[in-house]
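Below is one structure, written out as structure tokens, with a few remarks after it.
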Amino acid sequence: MLDLGIFNKRMPENAKEEIMTILQENGTPLDELDLSYRAEKALKNRGVSTIESLKYYSRETIKNINNVGEKTEREIHEKLIEYEKMKKEKDQEESAKTEIEYLRIQKNEKENELTKLQKRLYYIEQRSKKIEEMQIDMDNMVQIV
């Protein structure tokens, strides 16, 4: 029986196992936590090989793993908190980079629009000058007649 502290007690056992299999296959390796050899070995012996799957174990469940005492459980808990904080900062940094890139694209689009408007204004000014010149020519012709 898979004892995952935070799973609903009524959840079918096969559903718990399926979730854990997905997390084990697609998760971040425990190595990323930089745990002590003792902590990592105890978790791997329990079948926990990813950070995502570890998150589903309650602190009490982790304490009940062979070779995991109070100190090792505290280490695991602290490393998880540290990892989550680092991950959140990294996500925020990525989000900021994405926002900056979006703003760059917007700026380029606005600059392109401005260039088009400036060309159009130049064209209108040229046409306006041409019309003024024609008007002057017409006025001169009228005076001659």
Side-chain angles (χ1 to χ4, degrees), residues 1-140:
M1 179 171 170
L2 196 58
D3 178 24
L4 302 174
I6 65 169
F7 275 126
N8 185 326
K9 301 276 187 212
R10 292 182 224 156
M11 183 182 283
E13 198 63 32
N14 61 342
K16 293 178 189 178
E17 289 173 5
E18 188 175 333
I19 289 169
M20 290 307 291
T21 300
I22 291 168
L23 292 173
Q24 296 284 58
E25 291 172 356
N26 302 304
T28 308
L30 275 181
D31 304 357
E32 296 287 320
L33 287 181
D34 197 30
L35 293 167
S36 66
Y37 176 79
R38 178 186 188 87
E40 192 169 332
K41 185 156 177 62
L43 290 170
K44 285 185 176 179
N45 284 342
R46 178 63 185 255
V48 179
S49 60
T50 65
I51 295 171
E52 290 77 9
S53 60
L54 176 59
K55 290 179 194 176
Y56 279 90
Y57 285 81
S58 69
R59 291 184 77 173
E60 198 57 43
T61 302
I62 291 171
K63 282 182 194 175
N64 292 328
I65 295 174
N66 285 339
N67 297 321
V68 174
E70 193 77 31
K71 185 177 173 184
T72 305
E73 184 278 325
R74 194 174 327 111
E75 173 197 354
I76 293 168
H77 180 71
E78 288 170 0
K79 292 284 187 168
L80 263 177
I81 290 172
E82 185 181 304
Y83 174 82
E84 286 302 316
K85 188 185 293 184
M86 184 264 314
K87 185 176 179 213
K88 184 178 180 182
E89 289 170 0
K90 187 176 179 182
D91 289 347
Q92 288 172 339
E93 186 178 312
E94 285 299 315
S95 178
K97 285 179 182 177
T98 301
E99 181 69 17
I100 288 169
E101 186 58 30
Y102 172 76
L103 291 172
R104 256 191 215 118
I105 290 168
Q106 290 289 348
K107 178 184 172 231
N108 288 341
E109 288 174 356
K110 295 297 180 191
E111 286 173 347
N112 288 340
E113 279 181 45
L114 179 60
T115 301
K116 286 178 185 176
L117 289 172
Q118 287 170 334
K119 286 179 180 178
R120 183 151 174 81
L121 179 60
Y122 176 78
Y123 172 77
I124 292 170
E125 287 172 344
Q126 294 303 312
R127 295 285 292 173
S128 180
K129 283 181 186 177
K130 210 51 146 169
I131 291 171
E132 285 175 16
E133 289 171 2
M134 289 172 70
Q135 186 66 41
I136 292 170
D137 286 347
M138 295 269 299
D139 287 347
N140 288 338

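No more than 12 heavy atoms of other residues, nucleotides or ligands sit less than 6.0 Å from atom NZ of K71.
Here the shortest heavy-atom pairing between K79 and L33 reads CD-O, 3.3 Å. Taking every heavy atom of both residues into account, K55 and L80 meet most closely at CG-CD2, 4.2 Å. Across all their heavy atoms, L30 and V48 have their closest contact at CD1-O, 3.1 Å. Smallest separation of non-hydrogen atoms from T28 and E52: N-OE1, 2.6 Å. Residues N67 and T72 approach most closely at O-OG1, 4.3 Å, considering heavy atoms.
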(request) Let me see the working for N45 and N66 under side chain to side chain contact (heavy atoms under 4.5 Å, CB included), right down to the final yes or no. (result) CA-CA 9 Å; N45 284 342; N66 285 339; over 6 Å; no
(request) Apply side chain to side chain donor-acceptor pair (under 3.5 Å) to Y122 and Q118, showing your working. (result) CA-CA 6 Å; Y122 176 78; Q118 287 170 334; over 6 Å; no
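The pair E75-R38 does not count as a salt bridge, with every side-chain nitrogen at least 4.0 angstrom from each carboxylate oxygen. Between E111 and K107 there is a salt bridge, with a side-chain nitrogen of the basic residue lying less than 4.0 Å from a carboxylate oxygen of the acidic one. Salt-bridge annotation for K97 and E93: present, with a side-chain N of the basic residue lying under 4.0 Å from a carboxylate O of the acidic one. Ion pairing between a basic and an acidic side chain is recognised when a charged N comes within 4.0 Å of a carboxylate O; E101 and R104 show such pairing.
Once rounded to the nearest 0.5 Å, the distance linking OG of S49 with CD of E40 reads 10.0 Å. Taken to the nearest 0.5 Å, the CD atom of E99 stands 13.5 Å off from the CD atom of Q92. Between atom CG of residue N112 and atom CG of residue L117 there is a gap of 11.0 Å, rounded to the nearest 0.5 Å. Between atom CD of residue E133 and atom NZ of residue K129 there is a gap of 8.5 Å, rounded to the nearest 0.5 Å. Note that CG of D91 is 9.0 Å distant from CD of E84, once rounded to the nearest 0.5 Å. Rounded to the nearest 0.5 Å, atoms CZ (R74) and CD1 (I62) are 13.5 Å apart.
Under a 3.5 Å cut-off, the side chain of T98 and the backbone N or O of E94 do form a donor-acceptor pair.
For the side-chain contact (heavy atoms from CB on, under 4.5 Å) criterion with E73, the lone passing option out of K63, E60, E78 is K63.
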